[in-house]
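Reading through the structure tokens given below for one structure.
Note that ligands are numbered from 1 as they come in the structure, with each ligand's atoms numbered from 1 the same way.
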Amino acid sequence: MKFEDYRIASEIKKNLVEAGFKKPTDIQFKAIPAILKGEDVLAIAQTGTGKTAAFAIPIVDVLNSRKVSSRAEGIKCVVMVPTRELAIQITGVFEKIAKHTKVKAFSVFGGVEQGPQIAQLEKGIDVLISTPGRMFDLVSQGHIKLNLVEMLVLDEADHMLDLGFIKDIQDLVKHLPKNRQTLFFSATINEKIKKLAYSLVKNAIRIQISPNNPVARNITHSVAFVGMDDKRFFLERVIKENPESKILVFVRTKVRAERVCSALDRMGLKSATLHGDKEQADRLTALNEFRSGKVKVLVATDISSRGIDIANVDYVINYDLPEQPENYVHRVGRTGRGTQKGLAVSFCSPEEKALLEEIEVYLDKPVEVVKITSQDYSETLDFTADTTYDLNALMKEVEDYEGSRKKKKKK
Ligand code: ADP
Ligand code: MG
């Protein structure tokens, strides 16, 4: 079935043609009719399979089909997301799908002045896309009214319902009318979170695509065993051997993101960082420069592992293994989006073997190992352009690393 055969507004169809969307993806094919019918949906589908449009298309259509826009009365749909970057991205998708319709989408998020956001809210909007923090500030100040909300979407649902956000979401639900439609979307979900999700809805239907393989099939992923102190030389090698490639590098902490970036700088390689300690404007600049290809290498923490849709990311490198096994799926899922293919490789040091095992248990299969011969290994170290590769720097890095491991264990 093609989008042109759907019973949705002709404006939306036109917008989909413009976006180059001809036929629905699997998750869109299954979720759109259920959402149009008004059902509660828990939808699990791999990364990069078009989950955003799977909820945005029917939401825009439902709101657009109203005879009279009641926008001025209040918000009709709330979409909750974990990061500001994702709020902006999803708003972009809504705007694309809602062009020339009666539906207006808008996002609010922290880290920027709230004045302009309040001004737009006062003009009236239909769909609000938000991170929890800023949303609650604006609700408590009376700038956001939720009494007319008919639809609630939790994108990256497992993450939104997990420790960090669950209280916010429960508070949010208290403000919403009982009679509403609730939609959960994610690439990963566990039993505990599933129960929690079901406790928030009346009759959820569950739609699951490829449940046995959480990693999208477009992604070839593998692991290389590399000493902690040698990782940067392997990163250097990958970057130098693929000068035209867009490479997204994930590290464990904000500090390590900056360190890897300066190590690359010493080697004459340009990169940008993205993590939670940066100003919002700098976060957006880094993301946009990576998006446009101005910067080919982005070093990021898990803050950007979820939902971010950047075309043509050739490689994801897990410079450090993720501590949450499901984040492995989300990180590698930043490549191989839509119909594109992607490559991901994880650098696993001896200290990280336990994390790798957890990931393999989570995936329910081993991750393919890239064999590095000892000759290859020493060639990689010889190949480096890092002239500060001396024992002191090495020792410092080892100490930092061990310090942070100890801290973690104490927790
Ligand atoms: P997910 O949320 O499942 O990770 P996204 O919603 O971010 O995925 O979509 C991934 C990419 O696929 C986006 O770049 C989007 O434009 C593209 N896409 C979505 N639906 C379609 C479609 N029906 N046809 C072609 N491309 C699509
Ligand atoms: Mg998504």
Side-chain angles (χ1 to χ4, degrees), residues 1-6 8 12-33 35 41-61 79-99 105 107 129 131 153-160 183-189 207-211 213-219 246 248 287 290-292 302-313 316 326-342 344:
M1 193 165 168
K2 297 196 177 137
F3 280 124
E4 61 191 29
D5 305 322
Y6 274 65
I8 52 175
I12 299 177
K13 288 185 188 174
K14 233 183 267 164
N15 296 335
L16 292 175
V17 170
E18 245 172 68
F21 293 12
K22 294 191 183 71
K23 60 181 191 27
T25 63
D26 290 351
I27 186 65
Q28 290 163 1
F29 181 74
K30 291 204 170 161
I32 291 172
I35 298 173
V41 168
L42 171 67
I44 312 299
Q46 294 163 330
T47 55
T49 56
K51 291 187 286 294
T52 319
F55 59 80
I57 292 170
I59 287 172
V60 171
D61 189 62
V79 182
M80 298 298 283
V81 297
T83 61
R84 305 160 196 176
E85 286 76 10
L86 196 50
I88 294 171
Q89 178 184 306
I90 291 183
T91 307
V93 175
F94 267 97
E95 284 170 347
K96 199 160 70 176
I97 292 171
K99 214 161 52 181
S107 58
I129 299 102
T131 54
V153 184
L154 300 190
D155 192 30
E156 306 297 338
D158 58 332
H159 192 49
M160 300 304 294
L183 311 173
F184 303 97
F185 279 80
S186 188
T188 55
I189 195 135
I207 299 173
Q208 190 155 4
I209 313 275
S210 305
N213 197 3
V215 176
R217 58 175 176 272
N218 304 0
I219 304 165
K246 240 187 210 184
L248 179 54
L287 197 60
F290 185 59
R291 222 182 258 286
S292 72
D302 271 319
I303 195 172
S304 22
S305 69
R306 288 214 177 225
I308 296 300
D309 183 50
I310 299 175
N312 309 319
V313 173
V316 167
E326 69 272 20
N327 279 355
Y328 180 85
V329 171
H330 293 283
R331 285 178 174 194
V332 303
R334 294 318 100 207
T335 182
R337 319 256 332 141
T339 54
Q340 296 185 322
K341 299 240 177 296

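The distance criterion of under 3.5 Å between nitrogen or oxygen atoms is not met by F3 with respect to ligand 1. Looking at ligand 1, you'll find an N or O of G50 within less than 3.5 Å of one of its N or O atoms.
Of the residues N312, N218, T335, the one that meets the side-chain hydrogen bond (donor to acceptor under 3.5 Å, both in side chains) test with Q340 is N312.
The protein heavy atom nearest to atom 12 (O) of ligand 1 is G338 CA, 3.9 Å. G48 N, 2.7 Å is the protein heavy atom nearest to atom 4 (O) of ligand 1. Atom 25 (C) of ligand 1 has its closest protein heavy atom at F21 CD1, 3.6 Å.
Within the structure, ligand 1 lacks A45 among the residues with a heavy atom less than 4.0 angstrom away. A heavy-atom separation below 4.0 Å is not found between F185 and ligand 1.
Set against the non-hydrogen atoms of T49, the atoms of ligand 1 under 4.0 Å away are 1 (P), 3 (O), 8 (O). Atoms of ligand 1 lying under 4.0 Å from any heavy atom of T47, numbered from 1 in the order shown and given with element: 4 (O). For ligand 1 and T52, the ligand atoms under 4.0 Å from any heavy atom of the residue are 2 (O), 5 (P), 6 (O), 7 (O). Each of the following atoms of ligand 1 lies closer than 4.0 Å to a heavy atom of R337: 1 (P), 4 (O), 5 (P), 7 (O), 8 (O), 10 (C).
With sequence neighbours excluded, the residues forming a ring pair (Phe, Tyr, Trp, His ring centres under 6.0 Å) with H159 are F165, listed by chain and number. When the ring pair (Phe, Tyr, Trp, His ring centres under 6.0 Å) test is applied to F290, no partner is found at least two apart in sequence or on another chain.
Between R306 and E156 a salt bridge is recorded (basic side-chain N to carboxylate O distance below 4.0 Å).
Judged purely by atom type and a 3.5 angstrom limit, K51 uses its side chain to pair as donor or acceptor with the backbone of Q46. Looking at Q208, its side chain never comes within 3.5 Å of a backbone N or O of A45 through a donor-acceptor pair. Looking at R334, its side chain does come within 3.5 Å of a backbone N or O of S305 through a donor-acceptor pair.
Atom NZ of K246 has more than 12 neighbouring heavy atoms from other residues, nucleotides or ligands inside a 6.0 Å radius.
Looking only at side-chain heavy atoms (C-beta outward), D26 and T49 stay at 4.5 Å or farther from each other.
Considering each of Q28, K96, K51, R334, the one bringing a non-hydrogen atom nearest atom 2 (O) of ligand 1 is K51.
Counting heavy atoms closer than 4.0 Å to ligand 1, residue Q46 contributes backbone atoms (N, CA, C, O) but none from C-beta onward. If you look at D309 next to ligand 1, the close heavy atoms, those under 4.0 Å, all belong to the side chain.
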